[in-house]
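One structure is given below, encoded as structure tokens.
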Amino acid sequence: MSENVYIADIAKYADKEVQIKGWLYNKRHSGKLWFLQVRDGTGIIQSVVFKGSVSDEVFKNCEELTQESSVTVTGTVSADKRSAIGYEIQVKELEIVSVSEEYPITPKEHGTSFLMDRRHLWLRSSRQHAIISIRHEVIKACRDFFDGRGFTLVDAPVFTPNACEGTSTLFETDYFDTKAFLTQSGQLYMEAGAMAFGKAYCFGPTFRAEKSKTRRHLTEFWMIEPEVAYMDLAGDMDLAENFVEYVVQRVLKNKKSELESLERNLEALQKVIRPFPRISYDEATEILKKAEAEFEYGSDFGGTDETIISEGFDRPVMVHRYPAAIKAFYMKEDPEDTSKALCVDMLAPEGYGEIIGGGQREDDLDILIEKIKKHDLPMEAFNWYLDLRKYGTVPHSGFGMGIERMVSWVCGLSHVRETIPFPRLMHRLSP
RNA sequence: UCCUCGGUAGCUCAAUCGGCAGAGCGGGUGACUGUUAAUCACUAGGUUGUAGGUUCAAGUCCUACCCGAGGAGCCA
């Protein structure tokens with residue numbers, strides 16, 4: 001009885017008889033030979049069916065096999081230089097589990113819209129396989145980074161009673177006899193987490209009802225948000241650069257073949273080593289001025305502005321101390337220049353833009369109350385949040401990183417929509 | 001919400017000045033013992049997004065609408 005194995009482990013079974021359970025990815029034939037590309041979810045292997053080596057029935061069955069038919073292949077693993085993975089299978093037996101109906105996704109060209117309508121099938125193709133596999137590695141690296149540094153996972157709720165930064169970009173939903181909103185950040189809850197555990201993080205989906213149609217936006221995306229008590233802005237930047245370096249180098253180490261299959265420029269990723277450059281908002285505006293960009297001092301950077309700023313660096317750049325007026329109410333003012341906030345954005349190189357946003361939080365009760373009033377936010381909604389300043393308030397900082405933007409940059413993709421198994425976009429809610 | 005571009009065979013796209021609806025891939029049939037997006041031969045396949053309008057004649061021009069893509073603003 002031959003052993004049932006996965007293609008990923010095939011090298012261990014050279015010259016042995018094995019069984020592969022999978023699906024037909026593609027086939028070719030040449031007279032007395034059939035070449036079946038069989039995938040099993042861990043890889044693709046060429047299975048060679050020679051008319052003289054199998055029963056007439058098995059050889060004839062090859063004809064009936066359509067793309068994505070499910071099959072069980074039994075044969076001997078043989079090393080072959082012509083194979084992309086170094087091995088192929090000399091088939092002895094072939095069992096058809098199910099003949100697939102005509103498969104809509106062919107090995108040839110398709111448009112994004114067509115493929116997105118069939119996202120549940122598109123995930124089977126090798127390119128999508130590589131991207132989702134890298135996403136998995138990114139997420140695992142993120143968790144390992146914080147878990148290995150004494151952080152406690154304190155997940156934030158998805159249903160929230162109020163907006164933390166205005167309601168215009170929130171999804172509203174019925175919640176029994178009242179309204180609830182889908183979270184657009186777990187940060188306020190992580191501040192509670194940091195006061196309880198010192199170092200806390202959350203990881204989960206967040207929702208933004210922004211009517212954005214760009215390569216960097218999803219309405220549902222995953223965010224990892226660490227928050228640390230007794231940490232200032234400089235410490236926050238230290239943590240962020242350690243974190244990004246760790247994640248990128250982990251993917252480079254463990255998912256090299258996937259990156260290569262995506263034709264990613266590995267050298268660009270190899271340069272992502274600490275320290276990352278740190279420039280102030282004022283210094284960033286000088287760069288824009290020199291580049292003669294259309295930019296008004298005091299406003300936030302647009303996509304093209306971010307690209308211009310990051311172009312001058314070969315690794316992520318951290319821009320800190322933006323004008324307080326354009327930042328959220330919970331950002332702490334810079335004591336040396338109260339017009340600035342102690343915040344930081346990390347811009348990825350190669351035009352990928354903002355992947356991290358964070359900073360030091362306002363820890364003074366009175367200033368925070370003033371800010372809530374100034375931003376015209378409902379005070380009663382923040383009672384619990386203000387408690388954190390009443391009962392042993394301390395300086396604290398944190399940041400949020402969008403997983404999909406990180407994966408998009410690491411993979412070198414032109415759009416974030418391929419970095420999540422089932423993307424939710426302004427014009428896409430299915431499949 | 002605004003700006004730009006697009007919608008033609010199952011898929012990706014052509015169609016000149018408004019003048020016969022085309023190709024490659026995929027499907028089907030056949031050939032080939034080393035193919036790797038195999039190749040070669042033959043073959044079937046069309047309400048040109050929808051509704052109007054102009055014209056002898058509309059895929060092509062005009063109007064409205066629907067759908068999609070890219071970008072802006074906003075953000076991770």
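Everything numeric here is computed off the predicted structure, so don't read it as measured data. Each chain gets a letter, A, B and so on, in the order its sequence line appears, and its residues count up from 1.
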When we call it a touch if two heavy atoms are under 4.0 Å apart, what does [X] touch: a base, just sugar-phosphate, or nothing?
X: A:I105; value: nothing
X: A:Q46; value: base
X: A:D300; value: sugar-phosphate
X: A:Y103; value: nothing
X: A:M223; value: sugar-phosphate
X: A:T106; value: sugar-phosphate
X: A:G111; value: sugar-phosphate

Can you list every salt bridge (Lys or Arg N to Asp or Glu O under 4.0 Å) pair that touches [range], not counting sequence neighbours?
range: residues 59-71 of chain A; value: A:R39-A:E68, A:K60-A:E64, A:E68-A:R124
range: residues 421-431 of chain A; value: A:D117-A:R428
range: residues 92-101 of chain A; value: A:E17-A:K92
range: residues 241-252 of chain A; value: A:E137-A:R250, A:D144-A:R250, A:E241-A:R278, A:E245-A:R274

(message) Looking only at side-chain N and O atoms, does A:S185 offer a donor or acceptor that is under 3.5 Å from a partner on A:E225?
(response) yes
(message) Whether the side chain of A:Q67 and the base of B:G27 hold a donor-acceptor pair under 3.5 Å is what I'd like checked.
(response) no
(message) Any N or O donor-acceptor pair under 3.5 Å from the base of B:C75 to the side chain of A:R405?
(response) yes
Below 3.5 Å is the cut-off: list the nitrogen or oxygen pairs between protein and nucleotides 43-50 of chain B, distance only.
none

(request) Would you mind building the protein contact string for nucleotides 67-73 of chain B? One character per nucleotide, 5' to 3', B for base within reach (heavy atoms under 4.0 Å), S for sugar-phosphate only, - for untouched. (result) -SBBBBB
(message) At a heavy-atom distance below 4.0 Å, what parts of residues 52-64 of chain A sit against RNA chain B?
(response) none
(request) Go through the structure and list residues passing salt bridge (Lys or Arg N to Asp or Glu O under 4.0 Å) with A:K332, not counting sequence neighbours. (result) A:E362, A:D363
(message) Enumerate the side-chain hydrogen bond (donor to acceptor under 3.5 Å, both in side chains) contacts for residues 50-59 of chain A, please, sequence neighbours excluded, ordered by first and then second residue.
(response) none
(request) Convert the base pairs of RNA chain B into dot-bracket notation, remembering that pairs crossing earlier ones are written with [ ] and that bases paired across to another strand are shown as |; include only Watson-Crick or G-U pairs under 3.5 Å. (result) (((((((..((((.....[..)))).(((((.......))))).....(((((..]....))))))))))))....
(message) Could you work out, with ring-ring contact (aromatic ring centres under 6.0 Å, His included) as the rule, every residue matching A:F35, not counting sequence neighbours?
(response) none
(message) Holding to side chain to side chain donor-acceptor pair (under 3.5 Å), I want the full list of residues that pass it with A:H129, two or more places apart in sequence or in another chain.
(response) none
(request) Determine if A:F35 stacks with B:G34; use a centre-to-centre distance below 5.5 Å and an interplanar angle below 30° as the criteria. (result) no
(message) Is B:C17 syn or anti, taking syn as a glycosidic angle within 90° of 0?
(response) syn
(message) Before we go on, tell me: are the rings of A:F301 and A:F295 under 6.0 Å apart, centre to centre?
(response) yes
(request) Check the distance between B:C75's P and A:L347's CG and give it to me in whole angstrom. (result) 14 Å
